[in-house]
Structure formats: structure tokens, C-alpha cells
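Quick notes on the structure that follows.
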Amino acid sequence: MNLFSSPVMKNLEMALDGSALKQKTISNNLANVDTPGYKAKEAVFKQEFERSLNAYRTNQRHFTFSTDRPSSFYVKEQGGTTMNHNGNNVDVDKEMAELAKNQLYYQTLVQRINGKFNSIKMVVKGGR
């Protein structure tokens, strides 16, 4: 058994990947706040991540929850709105709030992974 390929570690890794994509998307939006005609982008991964979580059956009579499809994260454009006179729709306040929320989410995931590694470390050291 590989210690680092458990379903929990895979899900945490997938969540980190999604959070990194969101960080990059928000950074691009903020970098283009004054670009004429630029439309804000949004990273979609939370819904996809939740859809991809698997529950393993311990009994054949239990419901199946797995989707067998790998989760896909993507970036979509937020069209249909114009906030500035130049056709740009980046809202700096919204982007900064999303950035702070994403940073907290990312830090929580890192703490959870650190906890898993510390558990493995304690087992390897014999409980000391």
C-alpha cells in the first residue's frame, strides 16, 4: 500500500490544484483591471470537486456514489456585464474578497495535509 495515494490524499491534492487554478484566475483578473474590453474569468472547481468525491461501499447493498470520471477544473468567462466605461467588468472589491477566501481555503488544505504527514511521521517513529 502506498501511503501517499490514499483517497484522502488524492482528494486533498485535487483540492489544492483547484485552489491554485482559482488563485491564478483571480491574479489574471486583477492584472487586467484596466484592460479595455477584458471580461473577468472565474475558475470552476468546487462543484466539480464535490461531484468527484467517491464514497466506497463496504456492502453491496449500499448505494454507489462514485462517478468514475476524473474531475475537471476549468475557467469560464463572466460575460454579459460591463462595469467600466471601457467594457471591462472586473470588480476589484469582489476579486479581493475571493482572493482572501481562496487563501484561507488553501491554507486549510495545507494544514490538513500537514496533519496527515505528521500522522505518518508519528507511526514511522513508533508513536514518539
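Only heavy atoms go into these numbers, but all of them, side chains included; no hydrogens, no water, no symmetry mates.
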| query | Do NZ/NE/NH1/NH2 and the carboxylate oxygens of Lys22 and Glu42 come within less than 4.0 Å? | reply | no
| request: Output yes when Glu98 and Lys101 qualify as a salt bridge under the 4.0 Å nitrogen-oxygen rule, no when they do not. | output: yes
| said: Looking at Asn29 and Lys41, would you say the former's side chain and the latter's main chain have a donor-acceptor pair under 3.5 Å? | reply: yes
| task | Evaluate the side-chain hydrogen bond (donor to acceptor under 3.5 Å, both in side chains) criterion for residues Asn89 and Tyr38: first the C-alpha distance (whole Å), next the side-chain angles of each, then the deciding distance (0.1 Å), finally the verdict. | result | CA-CA 7 Å; Asn89 71 345; Tyr38 180 81; over 6 Å; no
| said: Whether the side chain of Asn88 engages the backbone of Gly37 through a donor-acceptor N/O pair (distance < 3.5 Å, no angle test) should be reported. | reply: no
| message | Tell me the closest heavy-atom pair linking Leu99 and Leu30, and the distance in Å. | response | CD2-CD1, 4.4 Å
| said: If I take atom CD from residue Glu13 and atom NZ from residue Lys10, how far apart are they, to the nearest 0.5 angstrom? | reply: 9.0 Å
| field | Inter-residue atom distance Tyr105.OH - Gln23.CD, 0.5 Å rounding | value | 13.5 Å
| Charged N to carboxylate O below 4.0 Å: is that the case for Glu77 and Lys39? | no
| said: Are Val90 and Val75 linked, directly or through intermediate hydrophobic residues, by side-chain heavy-atom contacts shorter than 4.5 Å (ILVMFWY only)? | reply: no
| request: Might you work through the side-chain contact (heavy atoms from CB on, under 4.5 Å) test for Asp34 and Asn86, ending with a clear yes or no? | output: CA-CA 8 Å; Asp34 291 325; Asn86 62 2; 5.6 Å; no
| Hey, mind stepping through Val124 and Lys121 against side-chain contact (heavy atoms from CB on, under 4.5 Å) and telling me if it holds? | CA-CA 5 Å; Val124 169; Lys121 183 177 157 183; 5.8 Å; no
| said: To the nearest 0.5 Å, what is the distance between CG on Asn102 and CG on Leu21? | reply: 9.5 Å
| message | Can you tell me if Asn114 has over 12 outside heavy atoms packed within less than 6.0 Å of its CG? | response | yes
| request: Calculate, to the nearest 0.5 Å, the distance between atoms CG and CG belonging to Leu109 and Leu16 respectively. | output: 5.0 Å
| message | Less than 4.5 Å apart, side chain to side chain, heavy atoms only: is that true for Phe117 and Met122? | response | no
| More than 12 foreign heavy atoms under 6.0 Å from NZ of Lys94: is that the case here? | yes
| said: Do Met96 and Ile26 sit in one hydrophobic cluster, given that two such residues count as connected whenever their side-chain heavy atoms are within less than 4.5 Å of each other, even indirectly? | reply: yes
| Quick check: does any side chain N or O of Thr108 sit under 3.5 Å from a backbone N or O of Leu104, one acting as donor and the other as acceptor? | yes
